[in-house]
There are 2 protein chains.
Amino acid sequence: MGTVNGESEPGGTSRTRRRAARPRQGASMADVAQLAGVSSQTVSRVSNGFPGVTEDTRAQVLAAMRELGYRPNSAARALRRGEFRTLGVITFSLSTMGNIRTLEAIATSAAEHGYAVTLLPVAVPTQDEVNGAFSRLGELAVDAVIVIMEIHLLDAATVSLPPGVQVVVADSDAGDRYTVVDTDQAGGARDAVRHLLDLGHDTVWHLAGPEGSFAAQRRANAWRTTLTEAGRTPPPLVRGDWSAESGYRAGLRLADEPDCTAVFTANDQMALGLLRALHERGRRVPDDVSVIGFDDIPESASFLPPLTTIHQDFAEVGRLCVEGVLSKMREGGAEHGTTLVPTRLVRRESTARRPG
Amino acid sequence: MGTVNGESEPGGTSRTRRRAARPRQGASMADVAQLAGVSSQTVSRVSNGFPGVTEDTRAQVLAAMRELGYRPNSAARALRRGEFRTLGVITFSLSTMGNIRTLEAIATSAAEHGYAVTLLPVAVPTQDEVNGAFSRLGELAVDAVIVIMEIHLLDAATVSLPPGVQVVVADSDAGDRYTVVDTDQAGGARDAVRHLLDLGHDTVWHLAGPEGSFAAQRRANAWRTTLTEAGRTPPPLVRGDWSAESGYRAGLRLADEPDCTAVFTANDQMALGLLRALHERGRRVPDDVSVIGFDDIPESASFLPPLTTIHQDFAEVGRLCVEGVLSKMREGGAEHGTTLVPTRLVRRESTARRPG
DNA sequence: CCAGTGGATGTTTACGTAAACATTGCCTAG
DNA sequence: CTAGGCAATGTTTACGTAAACATCCACTGG
């Protein structure tokens with residue numbers, strides 16, 4: 001390590017020593033300016049694409065930049081401009097496909113706006129962990145934050161944000177306290193139930209997600225409400241845990257319900273398990289039982305039969321999160337509210353008119 | 001825009017105007033220092049937990065920090081220290097489970113080392129896009145880069161990194177040109193084949209991944225080599241595209257091969273489809289046909305029957321990427337090489353002794 | 001009793017950039 | 001022909017932090 005410096009050489013100027021101490025520094029504006037024979041301000045103008053520079057001068061500066069391999073120092077930029085051009089994303093693990101797709105869309109959309117994305121993973125969804133993520137945030141180089149997290153975790157956290165840092169929350173329904181972007185869970189569930197009622201089914205069974213999940217709860221509520229409003233009696237709720245395996249177990253039970261001709265499953269994975277159980281029990285889909293899912297994961301088009309489902313536009317959610325947080329930054333807006341992203345019914349082959 | 005300034009007011013000092021122009025700035029060290037009645041250097045010492053500060057003074061400074069809601073400005077810090085404490089991750093979309101789990105482990109591990117993670121998504125895996133990501137990187141506030149990408153995409157790219165930025169590549173086999181951390185694909189495939197041979201099967205069929213994938217290629221090569229070394233004749237290769245649907249189609253074909261008693265599938269999704277096809281054709285697993293997968297996705301334990309598979313430790317890959325890149329930064333090492341993360345055979349119920 | 005020592009704290013400075021202001025020189029209108 | 005104006009470029013300064021160096025003071029040992 002020490003051998004690199006060559007400190008034994010006595011004549012080293014302080015400049016040389018500094019360089020040696022921080023070898024990763026590249027060329028600065030001053031270096032480029034000197035080589036190009038202009039002032040550093042002109043280099044800055046070229047670097048930022050500002051007007052007021054002759055074509056000749058610009059070319060000369062660009063040449064010098066290339067020769068020195070100049071890269072603007074983003075720390076100095078951020079310090080000078082007072083902003084980092086970076087968005088922080090707090091998310092509880094990347095375990096669900098929806099979160100990931102949302103994150104991906106956020107990253108892409110942020111890049112389009114010239115923003116980078118910094119990830120703040122929360123390993124365990126405890127209150128402490130979430131609090132920790134938010135306080136670490138204070139020291140982090142971000143201008144705004146997007147939280148992808150169910151609201152009950154956020155609720156528990158003592159959220160204290162650095163001044164001037166805006167927040168948008170995805171996957172939540174706390175529109176009264178935060179700016180929220182979310183899929184229209186209720187609308188999607190309503191469309192699913194209505195689709196089955198329109199096909200002539202007397203009622204619709206529901207295979208719900210776990211109790212802890214607000215998304216599951218909202219879908220279940222909308223299912224119940226829609227049935228009640230249509231004058232039907234909601235059958236007993238069947239609960240899974242989002243997994244295909246839990247859908248399979250639920251399916252074995254539902255296969256034994258003779259008057260069960262239509263099932264709305266709270267996600268596609270559980271629908272997959274359900275399809276398998278019904279198939280094993282000799283209940284044909286869609287001839288005997290219609291099944292509709294939720295999410296429209298890539299595989300659902302390849303299920304047997306291809307699954308009718310409710311498409312969620314995660315990409316749009318991510319995009320709106322970014323736009324929302326950027327506009328809040330510009331306008332300093334503090335007002336809350338929820339932006340709902342509509343779902344779309346995707347008709348495939350797992351639903352049909354009521355038998356008989 | 002101009003209306004915000006209130007420029008008509010004549011008496012505004014330049015200081016006031018500056019504040020108004022950048023309202024998001026919080027308290028600085030100077031502010032804390034003034035309130036605490038100490039110098040800003042002392043605040044710096046407290047902020048960084050340096051010794052040489054009386055307990056009294058420290059308490060006073062901390063109180064002042066709390067009162068003003070002081071947060072260190074990370075841009076100024078980065079500028080001063082010459083490093084960002086941030087790792088960049090370049091990845092081609094977050095479409096595969098493996099990449100995501102690796103990314104998650106990277107983020108967690110980086111956080112443990114006091115580093116943040118910035119995401120550089122490459123929307124389309126074209127040469128231009130990859131090049132673009134690498135050049136954007138130059139302006140980005142990162143000290144080092146981890147690339148999660150198959151090597152042929154990286155190969156095509158004209159990779160020019162800013163000086164001093166170290167790189168580690170995951171999911172690749174270019175150990176001669178980069179520092180690589182990867183799952184031991186060949187070892188895993190070999191274990192899978194040997195497991196089936198040990199169970200008495202004459203030979204092992206292989207349902208491979210798509211031709212474009214190096215991971216698929218390495219698994220297929222190891223499959224062939226292991227069979228040949230054991231003196232068996234490799235059956236014709238069957239190719240899928242990683243999807244369950246392609247596994248199902250392949251399964252329908254394999255079900256008609258009477259001497260196919262053992263199949264090594266290049267991933268668990270295809271194994272799922274294969275299981276379904278075999279079930280439909282009345283070929284019992286594992287009684288008639290043994291099936292082994294690769295990856296050990298969470299669902300595979302719930303397949304019917306639970307899938308014997310090769311566990312990939314994505315978390316370990318991510319962790320090693322971070323450690324590797326950090327140690328390269330410390331030591332300025334330029335030497336390349338590949339670190340292999342071992343796989344593990346997970347015995348469940350889809351494999352059994354050869355029938356008859 | 002005083003020089004010496006070392007811990008606590010203060011002062012100066014530079015990091016690289018870009019805003020604000022200053023200067024130069026050429027072109028045009030009167 | 002010259003004042004005025006504008007485009008191109010240069011100079012100064014501050015952003016917030018932390019390293020390096022300077023200072024102060026209390027205590028110790030001879």
Side-chain angles (χ1 to χ4, degrees), chain A residues 13-15 17-34 36-61 65 68 70-85 139 141 162, chain B residues 5 7 12-15 17-34 36-61 65 68 70-85 138-139 141 162:
Chain A
T13 66
S14 79
R15 171 156 186 83
R17 277 222 300 286
R18 255 193 293 106
R19 280 246 168 257
R22 236 175 260 165
R24 72 177 37 139
Q25 301 283 13
S28 75
M29 275 193 167
D31 300 324
V32 175
Q34 192 177 9
V38 298
S39 76
S40 67
Q41 184 56 40
T42 300
V43 177
S44 170
R45 283 190 262 259
V46 171
S47 176
N48 291 301
F50 285 173
V53 180
T54 314
E55 209 42 61
D56 281 0
T57 312
R58 179 181 306 277
Q60 216 161 349
V61 170
M65 281 180 173
L68 295 175
Y70 169 76
R71 309 280 182 176
N73 178 315
S74 54
R77 260 192 181 172
L79 176 58
R80 187 66 252 251
R81 303 204 269 219
E83 59 175 24
F84 302 100
R85 301 277 168 94
E139 315 197 0
Chain B
N5 294 355
E7 205 68 63
T13 66
S14 80
R15 171 153 186 82
R17 276 221 300 287
R18 255 193 294 107
R19 278 249 168 256
R22 235 175 264 164
R24 73 175 38 141
Q25 300 284 13
S28 75
M29 276 193 166
D31 300 323
V32 176
Q34 192 176 9
V38 298
S39 77
S40 68
Q41 184 55 43
T42 299
V43 177
S44 170
R45 283 190 263 258
V46 171
S47 176
N48 291 302
F50 284 173
V53 181
T54 314
E55 209 41 62
D56 281 1
T57 313
R58 179 182 306 278
Q60 217 161 348
V61 170
M65 282 180 173
L68 295 175
Y70 169 75
R71 308 281 182 176
N73 179 316
S74 53
R77 263 195 179 169
L79 177 58
R80 187 67 254 254
R81 303 204 269 220
E83 59 175 24
F84 302 100
R85 302 275 167 99
E139 315 198 359

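Order of the sequence lines fixes the chain letters, A, B, ..., with proteins taken first and strands second; residue numbering starts at 1 for each chain.
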Chemist: Taking all heavy atoms of A:Leu79 and all of B:Asn73, pick out the closest pair and write down the distance.
Modeler: CD1-ND2, 4.3 Å
Chemist: Where the side chain of B:Thr54 is defined as all heavy atoms beyond and including C-beta, which of D:dT17, C:dG16, C:dT9 is the nearest nucleotide?
Modeler: C:dT9
Chemist: Please report the distance, rounded to the nearest Å, between CZ in A:Arg81 and C1' in D:dC15.
Modeler: 13 Å
Chemist: Verify the neighbour count for atom CD of B:Gln34: are there more than 12 heavy atoms of other residues, nucleotides or ligands below 6.0 Å?
Modeler: no
Chemist: Does the side chain of B:Arg77 get closer than 4.0 angstrom to OP1 or OP2 of D:dT17 through an N or O atom?
Modeler: no
Chemist: Which whole-number value in Å describes the distance from B:Asn73 CG to C:dC15 P?
Modeler: 18 Å
Chemist: Could you check whether any side-chain N or O of B:Asp31 sits under 3.5 Å from a backbone N or O of B:Ser28, counting only pairs where one atom can act as donor and the other as acceptor?
Modeler: yes
Chemist: So which one's nearest nucleotide on DNA chain C is more toward 5', B:Arg58 or A:Ala75?
Modeler: B:Arg58
Chemist: What is the distance, rounded to the nearest whole Å, between atom CZ of A:Arg71 and atom C1' of C:dT17?
Modeler: 17 Å
Chemist: Compare the minimum distances between each of D:dA18, D:dT9, D:dC15 and the side chain of B:Arg80, then state the nucleotide with the smallest one.
Modeler: D:dA18
Chemist: Contact class for A:Pro51 (heavy atom, under 4.0 Å): base, sugar-phosphate, or nothing?
Modeler: nothing
Chemist: From CE of A:Met29 over to P of D:dA14, roughly how many Å is that when rounded to an integer?
Modeler: 19 Å
Chemist: To the nearest Å, give me how far apart CG (A:Asp56) and P (D:dA7) are.
Modeler: 18 Å
Chemist: Of B:Val53, B:Val38, B:Val61, which meets side-chain contact (heavy atoms from CB on, under 4.5 Å) against B:Arg45?
Modeler: B:Val53
Chemist: Holding to side-chain hydrogen bond (donor to acceptor under 3.5 Å, both in side chains), I want the full list of residues that pass it with B:Thr57, two or more places apart in sequence or in another chain.
Modeler: none
Chemist: How close or far is atom C1' of D:dC15 from atom CZ of A:Phe84, stated in whole angstroms?
Modeler: 11 Å
Chemist: Hey, are the side chains of B:Arg77 and B:Asn48 touching, using non-hydrogen atoms and a 4.5 Å cut-off?
Modeler: yes
Chemist: Find the distance B:Leu79:CG to D:dA14:P and express it as a whole number of Å.
Modeler: 17 Å
Chemist: Could you give the CD-to-P distance, from B:Gln34 to D:dG16, as a whole number of Å?
Modeler: 14 Å
Chemist: For DNA chain C, determine which residues of residues 38-50 of chain B have any heavy atom closer than 4.0 angstrom to one of its atoms, and list them numerically.
Modeler: B:Val38, B:Ser39, B:Gln41, B:Thr42, B:Arg45
Chemist: Considering only side-chain heavy atoms of A:Tyr70, which listed nucleotide, C:dC15, D:dT17, C:dT17, is closest?
Modeler: C:dT17
Chemist: If every non-hydrogen atom of B:Arg58 is compared with every non-hydrogen atom of B:Phe50, which pair is closest and at what distance?
Modeler: NH2-O, 3.3 Å
